Enquirer: 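Right, I'll just put the structure down here and ask away after.
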There are 2 protein chains.
Amino acid sequence: MQSASAEKYTRQRQAAIRAAAAVFAEKGFHGACTKDIAERMGIKQGSLYYYFSSKEEALGEVCLFGIQDYVEHMDNIASGDQSFEAKLTATVTSHLSSYRERNEALKVYNDERLYLPEERRTGLKELGSRYRQQLEDIFEDAKKDGVVRNGIDSHFAAQAVIGMCNAWGDLIVRDPDLDLFKVIQNCTDLLINGFSNKK
Amino acid sequence: MQSASAEKYTRQRQAAIRAAAAVFAEKGFHGACTKDIAERMGIKQGSLYYYFSSKEEALGEVCLFGIQDYVEHMDNIASGDQSFEAKLTATVTSHLSSYRERNEALKVYNDERLYLPEERRTGLKELGSRYRQQLEDIFEDAKKDGVVRNGIDSHFAAQAVIGMCNAWGDLIVRDPDLDLFKVIQNCTDLLINGFSNKK
DNA sequence: GAAGAATTCTATAGATCTATAGAAAAATAG
DNA sequence: CTATTTTTCTATAGATCTATAGAATTCTTC
């Protein structure tokens with residue numbers, strides 16, 4: 001078990017990641033300054049460097065925080081033996097749920113990751129590629145099973161799902177009263193009835 | 001007619017807008033420095049201020065350049081009396097064509113416009129809202145005509161079109177060999193067969 | 001409650017960047 | 001070719017920001 005002090009370190013570092021996510025999301029990586037991040041968590045600018053060795057390291061942690069859950073969900077979804085429709089719903093649900101919960105970190109991942117140091121960026125890129133590839137595989141399988149019509153290009157289809165989720169995610173974030181369940185239903189309905197060849 | 005010198009001013013200012021678009025797209029507004037922009041068009045940093053009074057003004061011009069054509073297209077599409085399918089195809093075509101031609105300025109508009117001075121931002125926001133509203137109206141009309149099924153929420157639908165176009169626009173930009181026509185067809189096919197209630 | 005460890009603070013060196021002023025060079029007009 | 005206007009250049013003041021060093025403070029543990 002962690003000592004009490006190590007626990008505090010972990011807790012504060014998490015707080016720093018969340019504060020950085022909020023500030024990076026609002027002002028962008030270069031527009032944000034470390035003073036803003038520190039003040040948001042109630043410490044002074046210099047103290048932030050007890051938790052990060054650089055601003056770039058903070059960015060890396062924020063980006064990872066933004067997508068890790070969502071990539072792990074996809075691992076489970078893709079390897080399961082559910083129907084195409086169930087897998088698609090699970091994907092959209094995971095994506096859109098993450099969007100509300102972690103919208104700041106996700107926005108940072110989407111908009112600012114190119115400012116990461118090379119090494120970190122390639123690591124995250126692999127996560128993103130795996131996500132996309134698994135989604136493509138789901139479409140390929142569904143085409144073999146005849147559930148999705150052959151005219152559909154799996155690569156485009158995967159991109160369409162991601163793009164639509166991101167666009168609707170923005171709606172969700174902008175309007176906190178919006179019913180997540182309703183959005184998920186609309187999204188899958190629209191996608192399914194576009195992909196299905198059962199006319 | 002413009003004097004020869006006024007013509008040069010106009011030409012150079014356009015060059016400055018394009019250079020700024022490229023640099024802002026690559027590094028983000030705050031990450032870019034005026035030295036980069038000036039050097040890209042072959043002048044020195046200080047000289048840039050002969051064409052812009054501030055970095056923010058340059059950003060404003062880039063954003064406007066990114067969307068103006070595309071908003072004007074929508075004005076024409078929405079006021080025409082074509083079928084729903086034709087209007088949707090025209091919208092997707094306009095959006096995706098712009099994407100390849102002006103992808104840098106569009107990216108800047110999408111990612112960096114929030115750093116604009118208040119006044120300029122609201123002006124662009126109105127353009128964007130008009131675009132979205134016209135697209136929604138197209139869906140509303142199509143629902144009244146029975147071409148689009150009633151279960152479809154026009155607001156979500158408009159967002160879906162925009163989101164899908166943006167996602168596929170990224171594909172187009174990333175892969176210059178990709179056939180624009182094919183992408184447009186895939187996109188409209190997917191959308192139409194999701195929206196149509198002719199089963 | 002004293003010793004040691006963990007956390008935060010203050011202060012600042014060094015780097016970078018915007019915007020301006022005024023000189024220099026290039027283009028145009030008479 | 002000379003005078004005038006337009007464009008570009010050099011140099012820099014002033015502002016901002018990152019990252020570090022070392023002191024001060026707050027927690028833990030015994």
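In what follows, every heavy atom counts, from backbone to side chain, and hydrogens, waters and symmetry copies are set aside. Below, chains carry the letters A, B, ... as their sequence lines are ordered, and counting in each starts from 1. What you see is a predicted model; the values in this text were computed from it and never measured.
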Enquirer: Report the distance from atom CZ of A:R40 to atom P of C:dT8, rounded to the nearest whole Å.
Expert: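 Distance check: A:R40 CZ to C:dT8 P gives 18 Å.
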Enquirer: What residue among A:E39, A:R40, A:Q45, A:M41 forms side chain to side chain contact (heavy atoms under 4.5 Å, CB included) with A:I43?
Expert: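 Only one of A:E39, A:R40, A:Q45, A:M41 forms a side chain to side chain contact (heavy atoms under 4.5 Å, CB included) with A:I43, namely A:M41.
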Enquirer: How many whole angstroms separate atom CD1 of B:I43 from atom C1' of D:dT6?
Expert: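 Atom-to-atom, B:I43 to D:dT6, this comes out as 14 Å.
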Enquirer: Please confirm whether the shortest side-chain N or O distance from B:K44 to OP1 or OP2 of D:dT8 is below 4.0 Å.
Expert: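 Answer no for this pair, as no side-chain N or O of B:K44 is under 4.0 Å from OP1 or OP2.
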Enquirer: Taking the side chain of B:Q12 as its heavy atoms from C-beta onward, which of C:dT8, D:dT8, C:dA19 lies nearest to it?
Expert: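 Of the candidates, D:dT8 comes closest.
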Enquirer: Within this structure, what is the OH-to-C1' distance between B:Y9 and C:dA26, rounded to whole angstrom?
Expert: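 Atom-to-atom, B:Y9 to C:dA26, this comes out as 18 Å.
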Enquirer: Rounded to the Å, how far apart are A:I37 CD1 and D:dA19 C1'?
Expert: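 Checked: the CD1 to C1' distance equals 13 Å.
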Enquirer: Output the rounded distance in Å from CZ (A:F52) to C1' (C:dT8).
Expert: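 Result: 16 Å.
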Enquirer: Just to confirm, is there a sub-4.0 Å distance from OP1 or OP2 of D:dC9 to any side-chain nitrogen or oxygen of B:S47?
Expert: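 So the side chain of B:S47 is within the cut-off, an N or O lying under 4.0 Å from OP1 or OP2 of D:dC9.
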Enquirer: On the side chain of A:Q45, is there an atom forming a donor-acceptor pair with the base of D:dA19 - under 3.5 Å, no angle test?
Expert: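 Counting by modelled atom types and ignoring angles, a donor-acceptor contact under 3.5 Å is found here.
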Enquirer: Whether B:Y49 contacts D:dT8 is assessed here as follows: a side-chain N or O lying under 4.0 Å from the phosphate OP1 or OP2. Is that the case?
Expert: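 Checking D:dT8 against B:Y49, no side-chain N or O comes under 4.0 Å of OP1 or OP2.
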Enquirer: Scan B:A32 against the nucleic acid and name what it touches under 4.0 Å (heavy atoms): base, sugar-phosphate only, or nothing.
Expert: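 Sugar-phosphate: the residue B:A32, judged by heavy atoms under 4.0 Å, touches backbone atoms but no base.
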Enquirer: So, does B:T34 get its side chain near the phosphate of C:dT18, meaning an N or O under 4.0 Å from OP1 or OP2?
Expert: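 For B:T34, the contact criterion (side-chain N or O under 4.0 Å from OP1 or OP2 of C:dT18) is met.
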Enquirer: May I ask you to evaluate whether A:Y50 reaches the phosphate of C:dT7, defined as a side-chain N or O under 4.0 Å from OP1 or OP2?
Expert: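 Yes, such a contact exists.
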Enquirer: Counting any heavy atom closer than 4.0 Å, what does A:Y51 reach on the DNA or RNA strands: base, sugar-phosphate only, or nothing?
Expert: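 Contact class for A:Y51: sugar-phosphate only.
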Enquirer: Would you please confirm or rule out a distance under 4.0 Å between OP1 or OP2 of C:dA5 and any side-chain N or O of A:K8?
Expert: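 So the side-chain polar atoms of A:K8 never come under 4.0 Å of the phosphate oxygens OP1 or OP2 of C:dA5.
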Enquirer: So, taking the atom named CD1 in A:I37 and the one named NZ in A:K55, what distance separates them when rounded to the nearest 0.5 Å?
Expert: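 A:I37 CD1 to A:K55 NZ: 7.0 Å, rounded to 0.5 Å.
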Enquirer: Starting from P on D:dT6, measure out to CZ on B:R11 and report it in whole angstrom.
Expert: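 Value for this atom pair: 15 Å.
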Enquirer: Are a donor atom and an acceptor atom from the side chains of A:H30 and A:Y115 found within less than 3.5 Å of each other?
Expert: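 No - no donor-acceptor pair under 3.5 Å links their side chains.
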Enquirer: Test the B:K143-B:F84 pair against the cation-pi criterion, namely NZ or CZ under 6.0 angstrom from the six-membered ring centroid and within 45° of the ring axis.
Expert: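 No; the conditions do not both hold, so B:K143 does not lie above the ring face of B:F84.
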Enquirer: Measure the distance from CD on A:E39 to C1' on C:dT8 and round it to the nearest whole Å.
Expert: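 Interatomic distance, CD of A:E39 to C1' of C:dT8: 14 Å.
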Enquirer: Taking the cut-offs as 6.0 angstrom to the six-membered ring centre and 45 degrees off its axis, would you call B:R102 and B:F65 a cation-pi pair?
Expert: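 Ring-cation test returns yes.
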Enquirer: Check the distance between C:dT18's P and B:L59's CG and give it to me in whole angstrom.
Expert: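 B:L59 atom CG is separated from C:dT18 atom P by 13 Å.
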